[in-house]
Amino acid sequence: MTRSFLEGNEAIARGAMAAGCRFFAGYPITPATSIYQQMLHLLPPSGGVCMQGEDEIASIGFCLGASMAGMKAMTATSGPGISLYSEQISFAIAGEIPLVIIDVQRLGPSTGSATKGADGDIAFLRWGNSGGLPVIVLAPVDVADCYQLTVTAFNLAERYRCPVFVASNKEIGLTRESVDLAALAVPPVEERLLAEPAGSDAEGPAARPRPFAPLPGGLVPPFIPIARGHLSRQTSSSHGEDGYITTDPALLGQVARRLADKLDGAVDSFTFFGSDWAEEDDILLLTYGVTARAARTAQRLLRAAGQRVSLLVLKTLYPVPEACILRHLLGKREVVVVEMNLGQYVHEIKRLAGTLGVRLVGQMNGELIAPQTIVEGVKG
Amino acid sequence: MSGFLNQGRPPVFCPGCAHEVVVRGLDQALQGLAVSADEVVIVSDIGCSGLFDTFFDTHAFHGLHGRALTYATGIKMARPEMRVIVIMGDGGLGIGGAHVLSACRRNLELTLLVQNNFNYGMTGGQCSATTPADGRTASGFLAELEAPLDICRVAVAAGASYVDRLSATARDLAERLATAIRYPGFSLVDIWGLCPGRYTRRNGLTLAQLDEGIDLLAAPSGPVASSEREEYGRHYRRLAATLPSPGEPLAVDPCCTASTRERRDILLLGSAGQYVNTAGEVLCLAGMSGGLQVTQKNDYPITVLRGHSIAEVVFSGEPVEYTGMGQPAAVVCLAKEGVARRGRSIAGLPEESVVIRDSRVAIPETRARVVEVDFAALGVRNQNLATAALAVLAGEGVLLTRPMLEAGIGVRYAGKMRDEALGVVQRVLAR
């Protein structure tokens with residue numbers, strides 16, 4: 001079997017190309033820089049655009065412009081860059097601009113440790129936008145996931161017209177691994193739904209497609225790119241279906257609800273996870289990201305020692321895949337959440353677990369959580 | 001021709017506002033360009049000038065404060081056929097200063113129209129980057145503390161290839177806007193105007209005074225000869241077209257049998273200049289040649305050619321789970337810098353582990369079996385030490401075989417480099 005040898009960051013860049021990414025802009029930051037370097041290697045020779053912004057704000061701004069012009073766009077950074085992206089992320093949510101954002105997480109807080117891994121941005125990715133509307137966050141476990149989930153991230157960004165995060169980690173991004181690329185189950189590439197020509201623009205604004213009007217029964221407006229043809233309108237201000245500012249509370253409430261519902265209501269169709277689960281087990285190990293690799297070893301060790309332990313690895317973190325999580329809580333006495341931070345996703349699990357005991361094995365010191373640490377955590 | 005104004009949304013500004021004059025001037029300028037509405041993008045910023053896009057029946061993009069140039073850059077790179085016009089106040093100029101400088105340096109074909117009325121009108125008349133030192137604003141004495149920015153001088157210094165300054169009421173406004181839009185590079189027009197709502201009355205500012213001020217500053221009007229150069233987008237596409245197509249990631253077909261399919265952790269400890277990370281890669285390719293699955297992590301400081309250089313490699317017949325170092329089956333010690341960082345893990349090694357040690361490097365007491373090699377006596381140069389150590393490891397036969405190592409070298413290197421690496425392996429194994 002032919003296997004390739006590549007790091008997570010390169011797999012993300014290759015996945016982006018496979019998904020039809022035509023535009024990348026970024027600002028150098030460890031440990032995400034090699035995604036930019038790879039895109040610079042891959043995009044320009046194929047006719048795409050790769051740019052280095054003067055800062056993170058510019059980089060994501062370039063992407064928003066390019067995406068509105070119809071190109072599939074991606075940017076990549078780490079925690080300090082996500083901080084700078086924040087206002088533009090809110091814009092991408094409000095303006096329903098498809099965009100893939102890679103966060104190769106490093107140890108925080110603040111500039112923290114550039115070359116140490118962490119999963120410390122998880123809650124920040126979900127809640128770091130003004131208005132607090134939902135976003136999609138996917139979490140790869142290994143290099144193969146980096147490839148597959150990046151393709152998926154583009155598909156979801158196009159399908160739902162929204163920013164989609166891939167929450168990677170220095171420990172995946174800069175780790176090289178043998179991968180059978182040909183064996184990867186890569187989803188078919190999706191394109192954003194374009195607005196049908198309704199009438200001629202010369203007939204006046206009333207005859208044109210409305211830039212934020214979903215189809216009947218749908219929640220996602222067909223897209224009008226900045227291109228020859230229909231006139232496109234984009235605005236970060238609160239707007240109605242016509243893309244003009246509105247202060248009508250009924251309309252404002254309707255739009256906010258639709259932006260939430262289009263993702264919250266659809267998460268069952270993009271719930272990605274891995275599990276090794278049996279109803280008769282009494283403990284559920286729940287984790288995500290690179291920690292899942294140690295959790296698999298820990299589960300084996302615990303089972304070998306006679307413990308009845310199931311494992312759930314979430315690859316869709318937000319919107320919280322509640323149905324999937326609740327299904328895996330069945331028959332359990334306790335849930336042990338393992339994450340490379342001092343406790344973020346564990347709060348979602350506590351919210352869902354009801355009277356079930358929920359414990360955290362959290363670690364925030366730049367080191368991977370070792371299998372033995374998880375074993376000891378489960379044994380309490 | 002009915003023009004480009006949005007018939008359903010006539011301009012709404014305070015009576016006497018310069019913005020309204022510019023809206024009409026821009027409409028006239030566009031009419032003189034022989035373009036259709038779907039070839040024009042108006043990108044607006046935040047503040048009163050942020051209303052511009054709604055008054056035009058063209059493509060419209062209204063975003064965050066100071067960031068209009070960033071969106072415009074993405075749009076123009078994605079759709080070079082579009083005429084992209086950026087509208088920004090003096091507020092946007094201040095908060096988005098880095099983007100203005102970069103747009104000047106970049107020379108992408110955008111037109112930036114600065115609606116300069118010396119204050120933040122929308123929020124109540126606070127001072128901005130262009131407020132004169134004696135300007136009266138809602139910022140009280142703070143306005144006196146900072147010198148006003150002459151954006152035309154700044155733009156020229158930053159490499160803008162087209163700069164102009166005029167009053168909103170200039171008779172040739174439409175003509176000069178059209179010339180700026182037509183310019184095949186980045187153009188910046190600083191348009192001075194009255195803000196009757198928040199600034200003009202408070203400061204007793206008149207149109208005559210504005211004109212006087214413009215004359216006094218004497219900005220260039222039109223192309224800046226010393227900065228004229230190829231437009232960014234065309235330049236990008238010209239250079240991109242010459243780049244070679246990228247290849248595929250390194251790939252390996254298994255060609256030999258591994259010594260074991262059990263998980264084995266291997267730690268390479270050296271210093272910068274010893275190609276330790278490359279040796280880690282060769283080791284991985286060797287493992288893959290033996291049909292194993294592998295992971296590699298490197299650790300080195302920001303300095304080049306100074307400090308430690310460490311590679312952590314995991315071999316396994318099954319998919320590698322935990323990628324951290326457990327109990328290494330082998331530790332290669334080539335320099336004190338690497339040993340200083342990971343000495344602890346050597347001290348704790350069990351008897352079945354093996355340590356390959358360059359005889360010049362001191363290591364902590366250990367129960368592991370230590371293989372000491374006098375690489376200097378073998379004539380191995382510093383940059384080949386790590387390859388030589390892999391050969392010793394292959395000679396031990398516990399982790400990898402010589403065919404695996406030679407296959408790995410064959411994937412990683414070609415030509416003279418490969419011959420040199422294979423020569424080192426030969427010399428070490430014949431010792």
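Note on naming: letters A, B, ... go to the chains in the order of the sequence lines (proteins, then strands), and numbering restarts at 1 for each one.
Proximity to chain A at a heavy-atom threshold of 4.5 Å picks out B:E281, B:C284, B:L285, B:M288 from residues 279-288 of chain B, in numerical order. Using a 4.5 Å heavy-atom cut-off against chain A, no residue of residues 42-49 of chain B qualifies as contacting.
Using a 4.5 Å cut-off between heavy atoms, A:E87 contacts chain B through both its backbone and its side chain. Of the atoms belonging to A:M1, it is backbone heavy atoms, and not side-chain ones, that fall under 4.5 Å from chain B. Heavy atoms of B:T54 lying under 4.5 Å from chain A belong to its backbone as well as its side chain. Residue A:R22: no heavy atom, backbone or side chain, is found under 4.5 Å from chain B. Using a 4.5 Å cut-off between heavy atoms, A:I226 contacts chain B through both its backbone and its side chain. For B:P244, the part lying near chain A is the backbone, with the side chain staying farther off; criterion is any non-hydrogen pair under 4.5 Å.
Of the inter-residue distances, the one linking B:Y71 atom OH with A:S236 atom OG reads 6.5 Å to the nearest 0.5 angstrom. Atom OG1 in B:T70 sits 13.0 Å away from atom CD in A:E56 (nearest 0.5 Å). Between the OH atom of B:Y236 and the SG atom of A:C50 there is a distance of 6.0 Å, given to the nearest 0.5 Å. Taken from OG1 in B:T73 to CG in A:L64, the straight-line distance is 12.0 Å, to the nearest 0.5 Å. Residue B:H62 holds its NE2 atom at 3.5 Å from OG of A:S237, rounded to the nearest 0.5 Å.
Counting heavy atoms from C-beta on, the side chains of B:P249 and A:L181 come closer than 4.5 Å. Within the 4.5 Å cutoff, the side chain of B:P246 has no heavy atoms near those of the A:Q38 side chain. Side-chain contact between A:H41 and B:L243 is absent, with no heavy-atom pair separated by less than 4.5 Å. Side-chain contact between B:V294 and A:F5: present, with at least one pair of heavy atoms (C-beta onward) separated by less than 4.5 Å. Contact of the A:F62 side chain with the B:M77 side chain is not registered, since no non-hydrogen atoms from C-beta on lie closer than 4.5 Å. By the 4.5 Å heavy-atom criterion applied to side chains, A:L368 and B:T323 are counted as neighbours. Side-chain contact between A:R233 and B:D53 is present, with heavy atoms from C-beta onward closer than 4.5 Å. The side-chain heavy atoms of B:K297 and A:T175, taken from C-beta on, include a pair separated by under 4.5 Å.
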| message | Please evaluate residues B:H99 and A:E54 with respect to the criterion side-chain hydrogen bond (donor to acceptor under 3.5 Å, both in side chains), reporting the C-alpha separation (whole Å), side-chain torsions for both, the decisive distance (0.1 Å), and the verdict. | response | CA-CA 7 Å; B:H99 311 311; A:E54 53 270 23; 2.9 Å; yes
What's the verdict on side-chain contact (heavy atoms from CB on, under 4.5 Å) for B:L64 and A:Q88, showing C-alpha distance, side-chain angles and the deciding distance?
CA-CA 8 Å; B:L64 295 157; A:Q88 304 273 37; 3.3 Å; yes
request  = Please assess B:D299 against A:K116 for the test salt bridge (Lys or Arg N to Asp or Glu O under 4.0 Å), listing each intermediate value before the final yes or no.
outcome  = CA-CA 10 Å; B:D299 176 16; A:K116 296 289 180 186; 5.7 Å; no
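Panel note: side chain B:H59, backbone A:A227; a donor-acceptor pair is recorded below 3.5 Å. Although no hydrogens or angles enter the test, the distance criterion places no donor-acceptor pair under 3.5 Å between the side chain of B:D38 and the main chain of A:L231. Under the 3.5 Å distance criterion, the side-chain polar atoms of A:R293 are matched with a main-chain donor or acceptor of B:V320. A distance-only check finds a donor-acceptor pair linking the side chain of B:R79 to the backbone of A:A69 [under 3.5 Å].
Ranking B:A78, B:G66, B:S36 against chain A, the residue ahead of the rest is B:A78, based on heavy-atom pairs under 4.5 Å. Counting heavy-atom pairs under 4.5 Å between each of A:I57, A:I245, A:L42 and chain B puts A:I57 at the top. When each of A:R14, A:E171, A:E367 is scored by its heavy-atom pairs under 4.5 Å with chain B, the top score falls to A:R14. Heavy-atom pairs under 4.5 Å with chain B peak, among A:E7, A:M68, A:M51, at A:M51. Comparing B:I75, B:L239, B:V411, B:V313 by how many heavy-atom pairs each has under 4.5 Å with chain A, the most go to B:I75. Comparing A:T30, A:I60, A:V49 by how many heavy-atom pairs each has under 4.5 Å with chain B, the most go to A:V49. Ranked by heavy-atom pairs under 4.5 Å with chain B, the list A:G243, A:A298, A:A294 is led by A:A294.
Residues B:E39 and A:R228 are paired through a salt bridge, judged by an N-O separation under 4.0 Å between the basic side chain and the carboxylate.
Heavy-atom minimum distance, B:A251 versus A:T2: CB-CG2, 3.8 Å.
Using a 3.5 Å distance cut-off with no hydrogens or angles, the side chains of B:Y322 and A:Q372 do not pair a donor with an acceptor. Side chains of A:T297 and B:E321: a donor-acceptor N/O pair is present below 3.5 angstrom, by distance only.
A cation-pi arrangement, defined by a distance under 6.0 Å to the six-membered ring centre and an angle within 45 degrees of its axis, is present between B:R9 and A:Y244.
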